[in-house]
Amino acid sequence: MISKPEQVSSQRTHQEPIVAFDKVSMRYGRGEEIFSDVSFALQPQSFTFLTGASGAGKSTLLKLIYLALRPSRGLIRIFGTDVLGTDRKSLQQLKRRIGVVSQDFSLISHLSVYENAVLPLVAAGQDVKKLARDAKELLAWVGLGDKLHALPPTLSGGEAQRLAIARAVINRPSLLIADEPTGNVDPAMGQKLMRLFQEMNRTGTTIIIATHDAALIKAYPSDCLKIIDGKLSSGSAL
Ligand SMILES: Nc1ncnc2c1ncn2[C@@H]1O[C@H](COP(=O)(O)OP(=O)(O)OP(=O)(O)O)[C@@H](O)[C@H]1O
Ligand SMILES: [Mg+2]
């Protein structure tokens, strides 16, 4: 269970947060509350790690941010919009500004690697043919240049993860949410992906990454939220 309101530190407090939770509680069905009264904010262009033990609630927290779950109680504002008071169409528009790497990758198994990667461009109504070369370059950059026509079930865990990342970043999202994004790749690729995230962050994307990897957090000093013993704490060196 997460409790105790905390604020992620930032010097850009005059701007509207990209994500703001106010006393959010979450339970699945009739189960126990996983979060109670969680409050925090992610400021524009912040880079935050979310950490904590397996089962602590990291993925649940991220799912609330990327609008895959609705909270049991509390207020969530994304890009300044109260998501509980917003109609479906407006929520779809918010979702298009969010890049997501979920823990299970959520790839569409009957679509090819290339078709999966360009889905956010299709959803945003972009001219995909015009952007095909860029899309293929991105896929080559994550090491999938020779897998464009492969189907997700034929990919290795690391390949599927790299595809999920390519899809999440292809449309330059305002907010990138990544759940253990380097968990299945080798250390060299992990560093390459972290450099990509840092570069996106420098050019305006707000980023939150869930990870168990203490070495990763140490290597890239950032804001940090930690779920431990049912509480959410924040700081820069947890
Ligand atoms: N769909 C669901 N229905 C019921 N309980 C769920 C569901 N999803 C997650 N849980 C429970 O919620 C708790 C938090 O799960 P969550 O996946 O958020 O943890 P996590 O911190 O991401 O763990 P991990 O590090 O293993 O990915 C766990 O006790 C889990 O069993
Ligand atoms: Mg998880």
Side-chain angles (χ1 to χ4, degrees), residues 1-6 8 19-42 47-76 78 83-84 91 95 98-109 152 156-165 167-169 173 175-185 187 189-190 193-194 197 206-220 222-235 238:
M1 199 197 286
I2 302 174
S3 59
K4 212 177 189 181
E6 293 277 356
V8 174
V19 173
F21 276 39
D22 185 16
K23 294 189 175 163
V24 171
S25 302
M26 178 64 200
R27 72 169 76 203
Y28 288 99
R30 292 181 180 188
E32 266 184 41
E33 275 190 349
I34 294 166
F35 311 145
S36 291
D37 295 333
V38 168
S39 300
F40 69 93
L42 303 182
F47 192 118
T48 305
F49 285 114
L50 173 63
T51 188
S54 179
K58 301 180 295 298
S59 297
T60 302
L61 189 66
L62 295 187
K63 284 175 187 171
L64 289 169
I65 303 176
Y66 63 75
L67 309 172
L69 289 175
R70 289 167 70 86
S72 315
R73 285 188 286 127
L75 184 73
I76 298 180
I78 308 288
V83 300
L84 291 176
L91 283 185
K95 281 185 187 179
I98 305 175
V100 179
V101 184
S102 63
Q103 201 166 12
D104 63 2
F105 311 139
S106 302
L107 300 171
I108 297 182
S109 54
S156 73
E159 288 168 344
Q161 185 152 48
R162 286 180 269 137
L163 172 55
I165 290 168
R167 184 182 57 182
V169 305
L175 171 63
L176 178 71
I177 299 168
D179 201 346
E180 300 280 357
T182 57
N184 291 276
V185 298
M189 178 54 79
L193 292 171
M194 284 303 298
F197 298 151
T206 300
I207 297 187
I208 181 162
I209 294 178
T211 183
H212 289 115
D213 187 348
L216 193 73
I217 296 172
K218 208 169 166 198
Y220 300 91
S222 305
D223 288 334
C224 195
L225 291 170
K226 186 168 190 176
I227 306 172
I228 186 165
D229 293 338
K231 293 190 173 61
L232 184 71
S233 53
S234 64
L238 290 164

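Nothing here was measured: the structure is a model prediction, and the numbers come from that model. Reckoned from all heavy atoms, side chains included, excluding hydrogens, waters and symmetry mates. Each ligand, and each atom within it, is numbered from 1 in the order the structure gives.
The nearest protein atom to atom 10 (N) of ligand 1, hydrogens excluded, is given as Tyr28 CE1, 3.4 Å; this is a heavy-atom distance. The protein heavy-atom contact nearest to atom 12 (O) of ligand 1 is Ile34 CD1, 3.1 Å. Closest to atom 26 (O) of ligand 1, if we only count protein heavy atoms, is Ser54 OG, 2.6 Å. What sits closest to atom 25 (O) of ligand 1 on the protein, heavy atoms only, is Lys58 NZ, 2.7 Å. Distance from atom 28 (C) of ligand 1 to its nearest protein heavy atom, with residue and atom name: Gly55 O, 3.7 Å.
Summarising the geometry, atom CG belonging to Leu50 is positioned 9.5 Å from atom OG1 belonging to Thr211; distances are rounded to the nearest 0.5 Å. Between the OG1 atom of Thr51 and the CD1 atom of Ile209 there is a distance of 12.0 Å, given to the nearest 0.5 Å. Atom OG1 of Thr60 and atom OH of Tyr28 lie 3.0 Å apart (nearest 0.5 Å). The CD atom of Glu180 sits 9.0 Å away from the OG atom of Ser54 when rounded to the nearest 0.5 Å. Between the OG atom in Ser233 and the CG atom in Leu225 there is a gap of 8.0 Å [rounded to 0.5 Å].
Close approach of ligand 1 to Ala53 is summarised as follows: ligand atoms under 4.0 Å from at least one heavy atom of the residue are 21 (O). Close approach of ligand 1 to Ala56 (heavy-atom distance below 4.0 Å) involves ligand atoms 19 (O), 21 (O). Of all atoms in ligand 1, listed by their number and element, those nearer than 4.0 Å to a heavy atom of Gln103 are 27 (O). For ligand 1, the atoms lying closer than 4.0 Å to a non-hydrogen atom of Thr60 are 14 (C), 15 (O), 16 (P), 18 (O). For ligand 1, the atoms lying closer than 4.0 Å to a non-hydrogen atom of His212 are 25 (O). Taking every heavy atom of Ser59 and a limit of under 4.0 angstrom, the matching atoms of ligand 1 come to 17 (O), 18 (O), 20 (P), 22 (O), 27 (O).
Thr48 contributes no side-chain N or O that, together with a main-chain N or O of Ile208, makes up a donor-acceptor pair within less than 3.5 Å. For the pair Gln161 (side chain) and Phe105 (backbone), a donor-acceptor distance under 3.5 Å is absent.
The nearest N, O or S atom of Ser59 is closer to the Mg ion (ligand 2) than 2.8 Å. The Mg ion (ligand 2) has an N, O or S atom of Gln103 under 2.8 Å away, backbone or side chain.
For Lys63, the closest heavy-atom approach to ligand 1 does not fall below 4.0 Å. Residue Gly29 places every heavy atom at 4.0 Å or more from ligand 1. Not a single heavy atom of Gly31 lies less than 4.0 angstrom from ligand 1. The closest approach between a heavy atom of Gly57 and any atom of ligand 1 is below 4.0 Å.
Taking a distance limit of 4.0 Å, we find that atom 18 (O) of ligand 1 is approached by some protein heavy atom. When distances from atom 30 (C) of ligand 1 to the protein are checked, no heavy atom turns up under 4.0 Å.
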Is there a side chain to side chain contact (heavy atoms under 4.5 Å, CB included) between Leu61 and Phe40? Walk through the geometry before answering. CA-CA 11 Å; Leu61 189 66; Phe40 69 93; 3.9 Å; yes
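Scanning all heavy atoms of the two residues, the minimum distance from Ser39 to Lys23 falls at OG-N, 2.8 Å. In plain terms, the two heavy atoms of Ala210 and Asp179 that are nearest each other are CB-OD1, 3.5 Å. For Ala168 against Val100, the heavy-atom pair with the smallest separation is CB-O, 3.5 Å. Taking each heavy atom of Phe49 and Tyr220 in turn, the nearest pair found is CE1-O, 3.2 Å.
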